[in-house]
Amino acid sequence: MTERITISGAALLLVLIGLSPVMAMVANTFYGDGGFSLGAYRILWSADGQLASLMGRSMLLSLLTAGLATALGVPLGILLGKSNLPFRGPLMALFAVPLLIPPYVFAVAWFGVLGKTGWLGQALAPDAAGFVSSAFFGLFGCVFVLVAAFMPIVMLLTVTYLKAVNPRWEDAARLVSGWARILVAVTLPPIAPAIMFATVLVLLLTLGEVGVPTYLRYPAYAAQTLTQFAAFYDFRAATVSAAPLLFVTFAILALQYRLHGTVLELGRGATGAPCVEIDLGKWRLPLFALVLGMALVTVVLPMAVLIVQSASPAVYLEAISRAGDSILRSLGFAAIGATLLTVIGFFCGYLIAYRTLAIWRGVDWLALLLFTLPGTVIGIGLISLWNTSLTNWVYATPAILILGYLAQYAILPIRMTSASLEMIPRSMEQAARLSGAGWFMTLQHITVPLARRGLIAAWLIGFVFCLRDLGISMIVYPPGSDTLPVRIFTLMANGTPNLIAALCVILVAITILPLGAAAVWLNINARHL
Amino acid sequence: MNTMRIIMSALAVLTLGACSREPDVVVYVSHDQVFSEPILQDFERDTGIKVRAVYDTEESKSTGAMNRLIAERNNPQADVYWANEPIRAEVLRQQGISAPYLSPSAEGIPAEFRDPEGYWTGFAARARVLIVNQNTNPMPTSVLSYNDPRWRGQTVIANPLFGTTTTQIAALFVLWGDERARAFMASLRDNSVELSGSNGDSADLVARGEFAFSLVDSDDAVNRMRQGEPVEMVYPDQGADEIGCLIVPNAAVLIAGSPHPDLGKRLIDYLLSRETEAKLALSDAAQIPLHPGVAGPSELRPISSIRTMRINYAEIAAKLREIQPFLESWLASST
């Protein structure tokens, strides 16, 4: 009974925190002229096809990004997760770096390479430099930056789910066939739903992305939502203009519904036997050079641009004086957000892993939907719901930011906890219960210690995503309490490129250093066990 | 368990720290943070009053703070709005969000840059100028140069849905009438004028030689000149029979029903002072002082020697709302 009440409470909390702002915002669109009104929806059919055109551009950007991210991420995932390529661990960590950083930071960095006066621009003839710069500011630039930013999702999910493939099937296939054919006929088909899930995730994240298309001047639909919010001072119109985006998100998620279920099932059949490794033979070093080159171009080069641009103690001193308080606040808010995300994520993940209640799939689906909604939409929803004199204690304090983080990022600890719990034999918990332990005692002494590594990883990922959040933060941050990503964005207006580069480097450092420290600590702990 | 206690204690301290309150004034700022923050820090130092600010982001095109003010109208959080142009202040007045306050510091500021009832007061202005790449020959002299076929595909303008570019377009609609202004906008499209994300982007594109000229704010032009970029600044339409140069002052606005109106008035007095205008003039913000006798940036002419556009900001605010659907439609057909 305690178990069901606690888990129901966690699920209800997620609904209240995540769904209620969106519902409040939607409900508000039906109110106008003192009563019920559909007036705000007129913009959908009076826009002369503009919205359809914008949606078309967004879909084109999303499809290209998702397609290329998959085309690159799957082979990379196979090489890094299943072959004898040298330095697989460090390479995987390097490729994952863009996932930890707001995509617009990479757009800023790439501008220093591909802009007319950037590194490449200076090396090329003026006409060629102009051509590259023009191509960067538009669809091609957006696709390039977003593929680098989101490709790690496909790569990491491929690596993860390759471990769920039964190695005995591959061993049997190796008796009669080479690896190329085995991959196509044996290894990839079972994890195709997971790859498709990763592709859909990239597609939806690109669809909701605002920062990169805005910076690179590509007219995307999510930016239209912001335009309605920003230029017309009309919240109802802003919400209504976001409705097609919500519809498309719903439709894509619904189409993926069956695959989604299969993805959740994948880990359950894992044998626990070691993964069969592909011997690359004579291709080992050429492929290593190729992968290393790719990492250098997509990750190291843009980071190097930022470091070179900001390489002066005076610039860093100015950055600290300009944004020191924002850095501390970001760390504090991210730590609180990650802790609460881990707690809610644990109970909701428990629900999904053990299917304690019939609503488990609904909870997972809701969290995924919230993750794919543009942060600006959730931000507007939070204002609609919480900006009252009775709820000032939430709205006028950093609590509003934390609520936003919980709404948008709950899926991450939920999925990670769920995956960790799948690895723990249910019999251990059952044995504790038969010995008379209550549910909480069982959690405290059996489940949580066994899932500890997964929970720490969930906290870290929650921390990273809260730290890099921009969409929600820039809409609802309380007066005098901005975060570092918001500060970077506000200082971009007439701030010097050196200062912006230094702040971006600081953001990257405070994101990666805790992860590095945690990785070292977990390794040391693992050796002692 | 000790680790858990330490974590929970740290979280409690962080939460309480973040939520702590002391007498303060809340200001929403649409002027660039890099320039406005030092002024607010000076105010804190000079008065001992803590300032809590919300700054606009470049992404929200300086309308994020404005939208928050409108969203919060039934439960105001801000005491003062530092608008980067008077049109937003006019919109707030029309929506009943601002309160009147005639500051003693406003004495000497020309009447054309103030609301007569005190719903907003202008200070520290920018001029809308043409930033021109030095390789351009001949130099453009008017906003009508955008229509000149010799510069087809060589000019850029910031997105007209946002910021001072919207104000400029609305001002042309007021001055010329709808028909002529719409024809002008159509000619921009026909002459392949490129759109940029902001005035700053436009200035960079001209400085890098990607375009010949662009209509930008004077601070954008002055900054590129100070950075040694190969650009020049042209005050448009200075001929005797021409429309003149649009002046866009900052505006200080007291918010109706604000939590700390007295502290808000003190901040407004400070913003409108000659000292603040002098600081904004001599900083990289390069604003033009409106108080007579205050020294301005060396690159800019004093306000008295510019042929300014004769316009009524309230009229422009009304026109701006009226032409928004047209601008959106124009934008869609131009991208």
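By convention in this document, chain letters (A, B, ...) are assigned in the order of the sequence lines, proteins followed by strands, and residues within each chain are numbered from 1.
Residue contact with chain B, scored on non-hydrogen atoms closer than 4.5 Å, involves the side chain of A/Asp482 exclusively. With a 4.5 Å cut-off on non-hydrogen atoms, B/Leu69 does not touch chain A at all. Contacts between A/Arg329 and chain B at a heavy-atom distance below 4.5 Å are absent for every atom of the residue. For a residue to count as touching a neighbouring chain, one of its non-hydrogen atoms must lie under 4.5 Å from one of that chain's; by this rule B/Gln227 does not touch chain A. Heavy atoms of B/Ser196 lying under 4.5 Å from chain A belong to its backbone as well as its side chain. The part of A/Thr388 that comes within reach of chain B is its backbone (N, CA, C, O), which places non-hydrogen atoms under 4.5 angstrom from that chain.
Across B/Gln33 and A/Arg322, no two heavy atoms sit closer than the pair O-NH1, 4.0 Å. Across all their heavy atoms, A/Thr490 and B/Asp56 have their closest contact at CG2-O, 2.9 Å.
The structure places CG of B/Asp201 at 6.5 Å from CZ of A/Phe137, a figure rounded to the nearest 0.5 Å. We find the CD1-CD1 distance between B/Ile70 and A/Ile383 to be 11.5 Å, quoted to the nearest 0.5 Å. Taking CG of A/Leu491 as the start and CD of B/Glu37 as the end, the distance is 7.0 Å to the nearest 0.5 Å.
With 3.5 Å as the limit, one finds no donor-acceptor pair spanning the side chains of B/Gln77 and A/Tyr395.
For B/Ala256, the side-chain contact (heavy atoms from CB on, under 4.5 Å) partners are B/Ala99, not counting sequence neighbours.
Remark: side-chain polar atoms of B/Arg52 are not paired, donor with acceptor, to backbone N or O of A/Gly480 under 3.5 angstrom.
The closest side-chain heavy-atom distance from A/Phe489 to B/Tyr55 is not below 4.5 Å. Side-chain contact between A/Pro479 and B/Tyr28 is present, with at least one heavy-atom pair separated by less than 4.5 Å.
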